[in-house]
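Note sheet for the following structure.
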Amino acid sequence: MQAAGELTAAALAEARRLLVPGATPLDLDAAAERVIREGGGVPNFQLVPGYRHTLCVSVDDDVVHGIPGDRPFRAGDIVSVDGGAEVAGWNGDAAFTVVLPDAERPDVVSSRGELSRVTEDALWLGIATLARATHLNEVGAAIEDFVHGEGAYGILTDYVGHGIGRTMHEEPPVFNYRVDRRGPAVKPGLVVAIEPMIVGGSVDTFTRDDDWTVTTSDGSDSAHWEHSVAVHADGIWVLTAADGGAAGLARFGVRPAPIA
Ligand code: MG
């Protein structure tokens with residue numbers, strides 16, 4: 001799964017590089033697909049029945065599953081980009097959020113930036129928690145406590161993280177909030193996509209008429225960060241981070257271990 005994770009990271013890095021005002025989601029989608037195919041992979045979102053794109057690009061109140069279109073990004077947009085690659089039958093899945101600068105709306109940029117920061121920090125805390133957990137539900141409990149301690153943020157409950165392997169979406173579910181059942185034991189061989197989806201208001205969502213795009217009912221902003229993480233004999237490794245997660249995990253005193 002390392003090759004799939006590395007190719008996913010490369011495709012999302014290219015999308016990030018191109019994400020500027022005036023560019024379109026379709027520009028990012030084409031670039032990410034090119035990176036994945038030139039790297040010998042298949043865009044695994046295209047393997048989801050009925051979906052034709054490489055990425056999901058969700059702007060402002062769209063939370064996840066946004067279909068790339070031709071409306072250019074604008075200053076101040078908060079944009080979440082989700083994508084993955086399948087290589088030799090194994091999968092990677094990751095997402096990031098960006099807030100585009102807007103000199104005329106510093107307050108909007110600041111609050112959106114904070115929302116994205118809280119979501120990214122929640123992801124890394126979740127990964128660090130996985131590194132020390134005995135059962136998977138510890139991840140969601142840590143994320144919930146952190147997010148609610150950061151302010152009036154909502155944690156989406158309609159969508160959660162997932163196991164990943166031969167297919168992109170597998171058991172077990174990875175909750176971003178506290179649940180009663182402990183979930184599976186965290187032990188070598190467990191590979192999961194942790195993906196907090198955090199909103200600035202109500203967690204109620206609806207699906208747009210395109211049958212894909214998930215949007216907040218009250219129009220509040222949303223952010224989404226995701227990594228695919230492997231638990232192995234020597235520790236954990238963030239498959240979709242170029243450095244295995246070293247930078248993101250350092251503040252938690254967790255050092256990712258290369259897979260032997
Ligand atoms: Mg995912």
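Numbering of ligands and ligand atoms starts at 1, following listing order.
By the side chain to side chain contact (heavy atoms under 4.5 Å, CB included) test, Ala250 pairs with no residue at all, sequence neighbours left out. Scored by the side chain to side chain contact (heavy atoms under 4.5 Å, CB included) test, Ser110 finds no partners at all (sequence neighbours excluded). With sequence neighbours excluded, the residues forming a side chain to side chain donor-acceptor pair (under 3.5 Å) with Glu150 are Arg117, listed by chain and number.
Within 6.0 Å of the CZ atom in Arg255, the count of heavy atoms belonging to other residues, nucleotides or ligands does not exceed 12. More than 12 heavy atoms of other shown residues, nucleotides or ligands fall within 6.0 angstrom of atom CZ in Arg132.
A continuous path of Ile, Leu, Val, Met, Phe, Trp and Tyr side chains, each step under 4.5 Å between heavy atoms, connects Ile155 with Val174, placing both in one hydrophobic cluster.
If you count the protein N, O or S atoms nearer to the Mg ion (ligand 1) than 2.8 Å, you get 4.
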